[in-house]
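Keep in mind that what you see is a predicted model, and the values were worked out from it rather than measured. Note on naming: letters A, B, ... go to the chains in the order of the sequence lines (proteins, then strands), and numbering restarts at 1 for each one.
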Number of protein chains: 2
Amino acid sequence: MVASEYHDVLKFLLKNLYFRQKITLTIMSKRILISDIAKSLGVSVTTISFILNGKAKEKRISDALTNRVLEYVKKVGYKPNQLAQSLRTGQTKILGLLVEDISNLFFANIAKHIEEFSYASGYHLLYCSMGNDTVKAKELIQLFYDRQVDGFIITPTEGLEDVVALLLKNKVPVVLFDRYIPQVETNYVVSDNFNGAFRATKHLLENADNRRIGFVSLYSDQTQMRDRMDGYMKALDQYQRQAYIKKIQIDEQEDVAIAQIFEFIEDNKLDAVLFATNYLAITGLKVHKKYGKLPAMVAFDDHTLFKLHEPSISVVSQRIETIAEELVKVLLRQIRNPQADVKHIVVPCDLKIRDSSTAKSN
Amino acid sequence: MVASEYHDVLKFLLKNLYFRQKITLTIMSKRILISDIAKSLGVSVTTISFILNGKAKEKRISDALTNRVLEYVKKVGYKPNQLAQSLRTGQTKILGLLVEDISNLFFANIAKHIEEFSYASGYHLLYCSMGNDTVKAKELIQLFYDRQVDGFIITPTEGLEDVVALLLKNKVPVVLFDRYIPQVETNYVVSDNFNGAFRATKHLLENADNRRIGFVSLYSDQTQMRDRMDGYMKALDQYQRQAYIKKIQIDEQEDVAIAQIFEFIEDNKLDAVLFATNYLAITGLKVHKKYGKLPAMVAFDDHTLFKLHEPSISVVSQRIETIAEELVKVLLRQIRNPQADVKHIVVPCDLKIRDSSTAKSN
DNA sequence: CATTTTTGCTAAAAGGTTTTAATAGTGGTC
DNA sequence: GACCACTATTAAAACCTTTTAGCAAAAATG
């Protein structure tokens, strides 16, 4: 199945998921077994299993019997016990979603869409937030592995190289997102952070008033941070301007961060700033609120706040739905065909220009 | 175990979760079986199972053997196959979390904390968003039921009375939150919406400039909406003021909603407005941005935006962590003791007064 | 010393599927 | 009419645990 076909199938499934037949609830205390059906119909369990798994033709079950079974199964609302099924087949039809923090709007949004695509394909999701705690992260991956999830969707935090490599070595399907691990050859889906930052910086540079343009980022070796910085640098190089870079500690106290950003802007007399994450940009806005000073700015990742803020904040926004769709697509491909080659998918970003980078105010 | 003890245990587990022993990864292709251990140690499978399930004493397994087994198990990193375990015991150690929309900040935050408390107790979470689609919601509940989750945490959308009742009838542990279903006697954990709204309204009333105070809500019969309105009404009654109530369609186009709110404020010459949800309040702020008019206001549910907005927005905020903790506590109680009586927990709200309801500006 | 009780452990069943290997019957071929 | 191929179905093994019921040896009892 080529990619575009696959895409269509997914879309189709998704669209029709909620319009299937009228839903019949079969929540009842005594779950009915395949052996009950076999007895009632005077047929063997094997036959029924074959029919239900679509192997009727292959196993030469007569059409008459096939229909009789199918009808009866529908009538009594039989559903195979998934645990028994999973135990036997080794497939749980569950994916593990490990994000940095599910309460972060970016991840929550991704999670929402991943959920939609997964469910449309018959997969459920176990989720968890790993924070920036490597030990916790490894433990959670181990837990999900022990639960025999069919695949992993992970935002790798630092220090996870070995465990991800271990998963791969054991042929566990994995797809990373938001950032990837250069040393480990895995599937990943990321935004085009480099170009996003490049275009944002260029946009700031094109306003002649912006002589001195700074970049606020985090102390982090993660690829998305590196790429954003590289994009910023390239734009500056093109215009032969000096770079001003400030990195904040990942778990810095908010007021400390605020003070640091304020100093950074003041000391360097910055006219404009590119913030590497929306969280940092929000911290930047608090500088504004506290010190009443705000240079031109662009933030990475959109946020409800940015549209409403006065002035509204320009952003490099990620195509969250596309990312989610690709994630599920790549992962399911790997699950269905373990031989499949590794996929690296880079999704373009969109530069949304608002007032914070154009208005002459401030 | 009384509630407070239980609370302590949870807290303890949570705190120590990440500091346990050094983590040893046992991700490996060939999973080791209990029978392998039995063979290696020349002991029966039964004995090992008893020991691992803490029944050594009860089953009179000698201490010597117990230790030998425990040590060996640790050495080879054996972990029981959870599927086989679940199949046999009927317990999956998985909870189903069904929220209206995981990408909504309120639910994402709750999800984060529910996750923490669940994991600390050895439970994992399957999540999904139901939207406002009753059919989808029922289907998802059915799917989770089929997966034999040990319990449900649900924000019931309208039309779910029957399926929740069905779960209850079949002794499936359920706890509702955010709102409940009056006709069905279930566990629930909700905020004290009535008093929250009452206090917020009273706060607005106490400012003598606010003669006309409106309430913007949704067309919805859900309890939390009803309670918030009742709280608003009671405060107005106390001050013998007229009520101005505007309800917006749940899935209304944003610009339509904006226009409706604007009209509502204009037509009634409102001095102040209480918004029944943070989403509505944000829509209200867009009225401000579009028409440049903003009465005094208080929003329900906090949001990053509100602290930063100029003026900052006063809110009735919910104690999300407490709610999450109670949810898990109540649900696990029910799971562990199916006879346990139904719990109704009402968590107080906090009125956070900011500039939008006090500043003389606008 | 015969009987009962306790100790220490285990064989086998149960949980509910899928899948392998086999069987009994039918029709065709030379 | 012996042999083969095919049809339509199934018994039993496998997946990996937990739990029931029971057994043999040792200790306690009268």
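- With sequence neighbours excluded, the residues satisfying side-chain contact (heavy atoms from CB on, under 4.5 Å) with Gln183(B) are Glu161(B), Ile181(B).
- Remark: Phe107(A) pairs with no residue by the ring-ring contact (aromatic ring centres under 6.0 Å, His included) rule, at least two apart or across chains.
- Annotation: salt bridge (Lys or Arg N to Asp or Glu O under 4.0 Å) contacts of Lys79(A) (sequence neighbours excluded): Asp146(B).
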Q) Base, backbone or nothing for each nucleotide of nucleotides 19-29 of chain C, written B, S, -, heavy atoms under 4.0 angstrom, 5' to 3'? A) BB---------

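- Put simply, CG on Leu87(B) is 4 Å from C1' on dG15(C), counting in whole angstrom units.
- Rounded to 10 degrees, the angle between the two end axes of the helix from dC1(C)-dG30(D) to dC30(C)-dG1(D) is 60°, with five pairs used at each end.
- Taking atom CG on Leu83(A) and atom P on dT17(C), their separation rounds to 10 Å, with Å as the unit.
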With a cut-off of 3.5 Å and sequence neighbours excluded, list every side-chain donor-acceptor pair involving residues 83-100 of chain B.
residue   : atom : partner   : partner atom : Å
Ser86(B)  : OG   : Gln82(B)  : O            : 2.8
Ser86(B)  : OG   : Gln91(B)  : O            : 3.0
Thr89(B)  : OG1  : Gln85(B)  : O            : 2.9
Thr89(B)  : OG1  : Gln91(B)  : N            : 3.2
Thr92(B)  : OG1  : Ile94(B)  : N            : 3.4
Thr92(B)  : OG1  : Gln148(B) : O            : 2.8
Thr92(B)  : OG1  : Asp150(B) : OD1          : 3.2
Glu100(B) : OE1  : Arg179(B) : NH1          : 3.0
Glu100(B) : OE1  : Arg179(B) : NH2          : 2.5

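- Across all strands, Thr47(A) comes closer than 4.0 Å to base atoms (heavy-atom distances).
- By the salt bridge (Lys or Arg N to Asp or Glu O under 4.0 Å) test, Lys57(B) is found to be paired with Asp63(B), residues two or more places apart in sequence or in another chain being considered.
- At the heavy-atom level, Leu33(A) lies under 4.0 Å from the strands shown only through sugar-phosphate atoms.
- Every residue two or more places apart in sequence or in another chain that forms a side-chain contact (heavy atoms from CB on, under 4.5 Å) with Thr66(B) is listed here: Ile51(B), Ala56(B), Ile61(B), Leu70(B).
- The side-chain contact (heavy atoms from CB on, under 4.5 Å) search around Asn67(A) returns none, not counting sequence neighbours.
- Between Tyr188(B) and Tyr180(B), the two ring planes are parallel [angle under 30°; tilted spans 30° to 60°].
- Atom CG of Leu41(B) is separated from atom P of dC9(C) by 12 Å (rounded to the nearest Å).
- Nucleotides of DNA chain D that come within less than 4.0 Å of any heavy atom of chain B span, from the 5' end to the 3' end, dC16(D) to dT20(D).
- Among the heavy atoms of the strands lying under 4.0 Å from Leu65(B) are primed sugar atoms or P, OP1, OP2 only; no base atom is included.
- The salt bridge (charged side-chain N to carboxylate O under 4.0 Å, His left out) contacts involving residues 64-73 of chain B comprise nothing, where partners must be two or more places apart or lie in separate chains.
- Between Val43(B) and Ile48(A), the residue anchored nearer the 5' end of DNA chain C, judged by the nucleotide with its closest heavy atom, is Val43(B).
- Salt bridge Lys329(B)/Glu326(B): present, at least one basic N to carboxylate O contact under 4.0 Å.
- Residues satisfying the salt bridge (Lys or Arg N to Asp or Glu O under 4.0 Å) test with Glu115(A), not counting sequence neighbours, are none.
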